[in-house]
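A quick write-up on the structure given underneath.
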2 protein chains.
Amino acid sequence: MFSKACEYGIKACIFIAINSYDGKRISPRDISKEIASPQAFTAKILQALVKSDIVRSYKGAYGGFEIDKSKLAKIKLAHIVASIDGDQVFSGCGLGLEICNENHPCPVHEKFKKVREDLKFMLENTSLEELALGIKSGEAFLKT
Amino acid sequence: MFSKACEYGIKACIFIAINSYDGKRISPRDISKEIASPQAFTAKILQALVKSDIVRSYKGAYGGFEIDKSKLAKIKLAHIVASIDGDQVFSGCGLGLEICNENHPCPVHEKFKKVREDLKFMLENTSLEELALGIKSGEAFLKT
DNA sequence: TTAATTTCGGATAATTATATCCTGTTTATA
DNA sequence: TATAAACAGGATATAATTATCCGAAATTAA
Ligand code: FES
Ligand code: FES
């Protein structure tokens with residue numbers, strides 16, 4: 001469904017979000033430990049998320065990654081996914097036709113479109129804030 | 001969503017189905033031409049589909065691939081997808097946790113599960129027959 | 001200013017997915 | 001039996017994804 005990079009990216013954002021609640025910056029080392037991901041690879045993904053303006057980074061001692069508290073409710077899963085995996089998952093044809101539209105539909109177009117739009121809706125309406133709360137409350141987990 | 005191999009596999013099955021209606025066997029060459037896929041790669045996928053007992057192959061002159069007419073309504077997209085991509089798409093965690101269940105859910109579990117099961121339902125209730133009819137009637141297309 | 005810390009970014013490696021090539025085996029028909 | 005047609009399957013090649021390594025640049029504090 002999503003690439004490994006995207007999975008790591010989402011989980012990293014959630015963990016950064018939790019720490020940002022407490023005003024703490026966090027390093028790729030601690031992040032990859034918490035989400036069970038390869039450290040250097042995760043760092044690359046974080047760089048991309050910084051460029052996409054989803055997380056903020058601070059170099060030097062006492063630096064690390066954080067997310068503006070004021071953004072936590074506004075950032076949706078869709079932003080993270082689109083930023084890492086692009087928009088194929090939101091609008092691409094299920095059977096790989098170059099373009100997906102009503103005028104030149106593939107055999108599964110109608111049925112696939114329905115599912116794809118449900119996924120899109122879900123991703124666009126799930127905020128980083130609520131996901132972070134799930135972890136904070138102990139209801140959900142980031143690894144194993 | 002699906003691998004290239006799976007996309008080709010589905011499209012190949014649909015085209016074989018159409019021909020099987022008319023009692024015609026069809027070659028990998030004609031299939032890959034019709035669905036715009038690499039020929040040798042498509043042939044490999046067809047081999048796998050034969051082993052999965054979804055399509056039948058006949059060697060030698062006047063040979064080729066076909067699907068039992070009596071099976072066309074019974075074969076569902078889910079069978080083809082499971083046979084090529086495995087069952088991760090049906091039961092795997094959206095964030096890559098090793099196992100997906102209620103006892104140890106990832107942060108998106110509830111929401112993702114809903115979408116995943118809608119997809120599962122769609123794939124389990126879409127037959128090769130109806131997809132083939134979509135192509136035969138000219139409503140749908142297999143390439144570009 | 002120096003030292004310690006931490007992100008940034010380029011280079012490279014390993015793994016998996018996608019794609020191609022070539023030869024063998026089977027089968028129908030002449 | 002000979003021949004041609006067509007799938008089977010191993011070996012190999014290419015591309016994309018995933019993962020690692022290392023030095024440069026920035027920042028803070030002593
Ligand atoms: S054309 Fe295939 S999903 Fe729309
Ligand atoms: S645990 Fe992640 S989707 Fe169920």
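The sequence lines fix the lettering, A, B, ..., with proteins before strands; numbering per chain opens at 1.
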Item to complete: Give me the residues of residues 51-61 of chain A where at least one heavy atom lies under 4.0 Å from an atom of DNA chain D, by number, or none.
Response: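 Here the set is A/K59, A/G60, A/A61.
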Item to complete: Using heavy atoms and a sub-4.0 Å distance, could you list which residues of residues 31-44 of chain A are near DNA chain D? By number, please.
Response: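 Going residue by residue through residues 31-44 of chain A, the ones with a heavy atom under 4.0 Å of DNA chain D turn out to be A/P38, A/A40, A/F41, A/K44.
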Worksheet item: Just one of B/T126, B/L77, B/N125 clears the side chain to side chain contact (heavy atoms under 4.5 Å, CB included) bar with A/K111, so which one?
Response: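 Only one of B/T126, B/L77, B/N125 forms a side chain to side chain contact (heavy atoms under 4.5 Å, CB included) with A/K111, namely B/T126.
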Practice prompt. Please state whether the rings of B/F112 and A/F2 are parallel, tilted or perpendicular, taking 30° and 60° as the class boundaries.
Written response: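 Answer is tilted, since the angle falls between 30° and 60°.
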For the [atom1] atom on [X], are there more than 12 heavy atoms of other groups (residues, nucleotides or ligands in this structure) within a distance under 6.0 Å?
{"X": "B/K114", "atom1": "NZ", "value": "no"}
{"X": "B/K71", "atom1": "NZ", "value": "yes"}
{"X": "B/E98", "atom1": "CD", "value": "no"}

Practice prompt. State plainly whether the residues A/D22 and A/K69 are in salt-bridge range, i.e. N to O under 4.0 Å.
Written response: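 Looking at A/D22 and A/K69, the cut-off is not met.
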Worksheet item: Should B/E124 and B/H79 be marked as a side-chain hydrogen bond (donor to acceptor under 3.5 Å, both in side chains) after you check the CA-CA gap, both sets of side-chain angles, and the distance that decides it?
Response: CA-CA 8 Å; B/E124 283 174 346; B/H79 300 137; over 6 Å; no
Worksheet entry | Along DNA chain C, first and last positions that approach a heavy atom of chain A under 4.0 Å |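 Terminal contacting nucleotides, 5' to 3': C/dT5 to C/dA11.
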Discussion item. Does A/T42 form a side-chain hydrogen bond (donor to acceptor under 3.5 Å, both in side chains) with A/S37? I'd like the steps, not just the answer.
Written reply: CA-CA 7 Å; A/T42 307; A/S37 70; 2.5 Å; yes
Worksheet item: With a cut-off of under 6.0 Å to the ring centre and 45° to the axis, is A/R25 in cation-pi contact with A/Y58?
Response: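 So A/R25 does make the cation-pi contact.
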Worksheet item: For A/I26, which contact category applies under a 4.0 Å heavy-atom criterion: base, sugar-phosphate, or nothing?
Response: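 A/I26: backbone/sugar contact only, no base atoms under 4.0 Å.
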Worksheet item: Just wondering, do B/V55 and B/C13 contact through their side chains at under 4.5 Å, heavy atoms?
Response: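 Result yes, sub-4.5 Å side-chain heavy-atom pair found.
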Item to complete: Mind calculating the distance between CD1 (B/I45) and C1' (D/dC7) to the nearest angstrom?
Response: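 Distance check: B/I45 CD1 to D/dC7 C1' gives 15 Å.
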Worksheet item: Between D/dA6 atom C1' and B/E66 atom CD, what is the distance in whole Å?
Response: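 Answer to the nearest Å: 14 Å.
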Discussion item. Any side-chain N or O of B/Q47 below 4.0 angstrom from OP1/OP2 of D/dG9?
Written reply: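 Answer yes for this pair, as a side-chain N or O of B/Q47 is under 4.0 Å from OP1 or OP2.
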